[in-house]
Structure formats: C-alpha cells, structure tokens
Amino acid sequence: MTVRSITVLGATGSIGASTLDLIRRERDKWRVVALTANCQAQELARLAREFGAEMAVVADPACLPELEAALQGSGIRALGGAEALVEAAALPADLTLAAIVGCAGLAPTMAAIEQGRTVALANKEALVSAGDVMTAAVAAHGTTLLPVDSEHNAIFQCLAGNDPAHVRSITLTASGGPFRDWTLEQLAAATPAQAVKHPNWSMGAKISVDSATMFNKGLELIEAHHLFPVGLDRLRIVVHPQSVVHSMVEYRDGSTLAQLGPSDMRVPIASCLAWPERMDTPCDPLNLAAIGELTFRAPDEVRFPATRLCRQAAEQGGAAPAVLNAANEVAVAAFLAGQIAFTRIAVMVEEVLARYVPAAPVSLADVIAIDSEARNRSRLLLELN
Ligand code: NDP
C-alpha cells in the first residue's frame, strides 16, 4: 500500500474537519505533514497529536505560546505567524488541502502551488483575488489543481474525458441560501444568526453569509472562469434549492452531464483525496425517491445583486475581482459584528469597486497590495457610514 503525505491548511475549520474525518477513516494510507489554524491553538494541538503531524502552525503569532504549551513533549514543531504558514505550505507533501478562509490563504496556497505537486483548493477567495497570477503559477510549476468546492468538483467530474472545445455551457447550481424567498424588506432586517443558518450545508460563518447574499455563487462564477476557461458567456447560474445537482456541463450535441450527491462536503473532498481513484465515504447514499422533487429557477439579481457584481468584476478582469473580494470580506465581518445591515454588504462592495480601480496585478505581491488597499478603503467607508 502506498502511503501519501498531506498538509491541511485551515485544519480547524469546517473543510479541515471534513478532510481529517476522511483521513481518520483511512489512517494507514496517510502521513500528515503540517496542520494549520489561525488561533484555535488547543484544537490544532489536539489534531496534530492525533494525526502525528510533523508541524503545527498558528497564523496569529499571539497564539503561539498556547500552541507551544499544548504541544510540549510531543516532538511536533510548533510555529506561529504568516511566514511560518508559508513555510508549512512549502514543506513537501503529495497533496495540500488549501482550506483557509479568505484572502489570508493566498500566500500559503501559492507556496503550495510552487512545489509543483497536487493542491486541492477550497479557498476560493485566493483564486478569485489572484486569478491569472495563480493559474500562471499552476502552469509554470506543473501543479495539479483539484477543485474542492462542490460545484467545481462536479464540473471537473462532468468534464472528465471530454474535450472542453465541445462545451456549450456550464451551469453552477445555487441553493439560494437561507433567504432565497425573503422580500427586500425582510433582507434589510436579516440578522447574523439567521444568515449563518444554511438550510442544506454546514459551513464556516463567512461562506454561510456569502451563501445568503449569493456572493458565494458570484465568487464561484469567477472561480469557474479561471478553472474552466470556456468563456464567461458560457457560464450560467441556476437556483436549485435541494442542493442535489451540484453543477452541470452542456455539450454541443445537446447532452448535459450533471453530478449529483448528498449535501456533504466529504463527497467532493473524497473525490480530491482519492483522485484519480475513488474512495468510500460515510455519507448516506442518495435517495432520489425520498427527495421526490428537484426544482430549478433563475436567480433574482434585484434582491441578490452579488452575482451581477461578480460577473461584472470578472468581465472587467485585472484587479477588479481582488477588490471585490476584499470589500466583501470586510463587509461580511462588519455584518457579523452587527455593524451593518445585511443589504449593505452588496452596496458597500459596489461602492468600493467603483472608487478603487488599480492596475492589473502581475505578481503575488501586487495582489496582496491591492487586497490590503481595498480593505483599507472598505474600512474607511464603514467609518463614514
Ligand atoms: P472555517 O471558518 O470553518 O475555517 C477556516 C479555517 O481557516 C480555520 O482553520 C481557521 O483557523 C483558518 N483561518 C481563519 N483565518 C485565518 C487567517 N487569517 N490566517 C490563517 N488561517 C486562518 O471556514 P470553512 O472551512 O467553511 O471554509 C474554508 C474555505 O473553504 C473558504 O474559502 C470557503 O469559501 C471554502 N469552502 C467551504 C465550504 C464549506 O462547506 N465549509 C464549501 C466550499 C468551499 P481558526 O480555527 O484558528 O480560526
């Protein structure tokens, strides 16, 4: 049996937990190189001990003493800070699972890509912000990039064995989030607790809010644009409340291939862990007779302007997606902190996008600088309002 090595960036998060759950079930097939977190030192230390990781890293250096204390006597290297995160990501590993939330994951994800091995990408904000800079690095280093996001994983599977030249369209499905049937008045009064309660998926707070605003689907549109370059005009979105069909590819002969499965991220993660093979998951088999109905409808961009804004940013290209992503991250954090109304998130993103139009990034440093400046401007907007 071949033992493969793996690093999990964002090991303490929702995707990290699902990944480690699968690894735990096939423990003898994996050697864990590094696990990282932001500041959940106790949980990270517990996981590092359980999986016998070589290194554990907290991105926030203030949390290092707690990690060091928790790992004392284990022989596991404990490190802290942004550079240590990049160091961990650059350690040789057959597979790196990039599951940090937000653009904070960009530098370590790029470090993993530069190793030229296999990177399973959940951290969509990194690809949205770095776009061509990241895809150029993937090509330059001969890296295999596997999409973890359920929609992109579905598309990846539906494209397998087919020539992309024959693709007529790609359709991303969207659950529509917890507010899909709410009026504009109701949306204006939506609370953080309501927004993080997703009807179908169990996820981290940030992506749950993105799902409620539909920014998640917009970010995924930009992500798909980079992963599957068939042209933006061939990328569509359809609302599918049951989250059973995870996305579809339509070919020129009229055939549409779709990937279906339970709403459990362990399915697409397993597809990446085992790729190009398959592995077992503990997920219940899909029972279509019990589900009964699969429904679809067009997205409403009046109540949910996020997908329009994301499509525009993708069309504009250059720095626009990085600015959009940074503004959204700041706005989501402000909403979760009770500082702004739910409907203000998209308004803020549109305002920042209109006022800050930097030159297109050509390097990782450019992307990080644009992200940082867009955050500053977004915070300033928050103070003015
Ligand atoms: P969580 O919030 O659950 O977890 C985020 C992880 O990133 C945690 O390990 C956290 O550490 C770490 N982290 C947070 N901030 C920083 C930082 N500044 N520097 C370094 N590490 C940090 O997020 P999810 O697991 O839900 O999502 C992770 C990524 O995967 C996101 O990009 C999301 O869009 C994407 N994704 C998630 C899906 C899901 O079902 N959850 C589905 C598809 C994509 P700590 O615990 O210490 O805070």
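Counting convention: from 1, in listed order, for ligands and their atoms alike.
- Residue Met265 places a heavy atom under 4.0 Å from ligand 1.
- Residue Asp149 places no N or O, backbone or side chain, under 3.5 Å from any N or O of ligand 1.
- Using a 4.5 Å heavy-atom cutoff, the side chains of Leu121 and Asn123 are in contact.
- Here the protein heavy atom with the shortest distance to atom 21 (N) of ligand 1 is Ile100 CG2, 3.5 Å.
- Using a 4.0 Å cut-off between a side-chain N of Lys or Arg and a carboxylate O of Asp or Glu, Lys206 and Glu125 qualify as a salt bridge.
- Considering both main-chain and side-chain atoms, Ala205 never comes within under 3.5 Å of ligand 1 through any nitrogen or oxygen pair.
- Ligand 1 has no N or O atom lying under 3.5 Å from any N or O atom of Ser150, backbone or side chain.
- For ligand 1, the polar-atom distance check against Cys39 finds a nitrogen or oxygen pair separated by under 3.5 Å.
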*Which is it for Phe179 and Phe342 under the ring-ring contact (aromatic ring centres under 6.0 Å, His included) test, yes or no, and what are the steps along the way?*
CA-CA 11 Å; Phe179 304 150; Phe342 179 77; 5.0 Å; yes
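- Taking the charged nitrogens against the carboxylate oxygens, Glu301 and Arg308 have no contact shorter than 4.0 Å, which rules out a salt bridge.
- Near Ala122, with a cut-off below 4.0 Å to any heavy atom, the atoms of ligand 1 are 30 (O), 32 (O), 35 (C), 36 (N), 44 (C).
- The residue from Asn216, Asn38, Asp264, Leu47 that puts a heavy atom closest to atom 13 (N) of ligand 1 is Asn38.
- Of the protein's heavy atoms, Ser14 N, 2.9 Å lies nearest to atom 3 (O) of ligand 1.
- A donor and an acceptor atom, one from each side chain of His226 and Thr135, are nowhere located under 3.5 Å apart.
- Heavy-atom contacts of Lys124 reach the following atoms of ligand 1: 32 (O), 34 (O), 44 (C) (cutoff under 4.0 Å).
- Annotation for ligand 1: atoms under 4.0 Å from non-hydrogen atoms of Gly13 are 1 (P), 3 (O), 4 (O), 8 (C), 9 (O), 25 (O).
- Near Ala59, with a cut-off below 4.0 Å to any heavy atom, the atoms of ligand 1 are 19 (N), 20 (C).
- Atoms of ligand 1 found under 4.0 Å from any heavy atom of Thr12, numbered from 1 in the order shown, are 8 (C), 9 (O), 10 (C), 11 (O), 45 (P), 46 (O), 47 (O).
- No side-chain donor-acceptor contact under 3.5 Å links Asp371 and Asn325.
- Among all protein heavy atoms, the one lying closest to atom 32 (O) of ligand 1 is Glu125 OE1, 2.6 Å.
- At the shortest separation from atom 28 (C) of ligand 1 among protein heavy atoms lies Ala99 O, 3.4 Å.
- Between the side chains of Lys124 and Asn216, at least one donor-acceptor pair of N or O atoms lies under 3.5 Å.
- Residue Ile15 has at least one heavy-atom neighbour below 4.0 Å for each of these atoms of ligand 1: 25 (O), 30 (O), 37 (C), 38 (C), 39 (C), 40 (O), 41 (N), 42 (C).
- Under the ring pair (Phe, Tyr, Trp, His ring centres under 6.0 Å) criterion, no residue pair touches residues 78-106, with sequence neighbours excluded.
- At least one N or O atom of Gly204, backbone or side chain, sits closer than 3.5 Å to an N or O atom of ligand 1.
- Taking CG from Asp233 and NE2 from His225, the interatomic distance works out to 10.0 Å, rounded to the nearest 0.5 Å.
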*Decide yes or no on ring-ring contact (aromatic ring centres under 6.0 Å, His included) for His166 and Tyr251, but give the supporting numbers first.*
CA-CA 6 Å; His166 296 315; Tyr251 289 93; 7.6 Å; no
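- In this comparison of Val8, Asp60, Ile207, Val101, the heavy atom closest to atom 7 (O) of ligand 1 sits on Val101.
- With respect to the salt-bridge test (charged N to carboxylate O, under 4.0 angstrom), the residues Asp181 and Arg297 qualify.
- Gln242 and Thr295 share a donor-acceptor pair across their side chains, judged by distance under 3.5 Å alone.
- The N/O atoms of Thr36, backbone and side chain alike, include none that comes under 3.5 Å of an N/O atom in ligand 1.
- Within ligand 1, the atoms closer than 4.0 Å to a non-hydrogen atom of Ala104 are 17 (C), 18 (N), 19 (N), numbered from 1 in the order shown.
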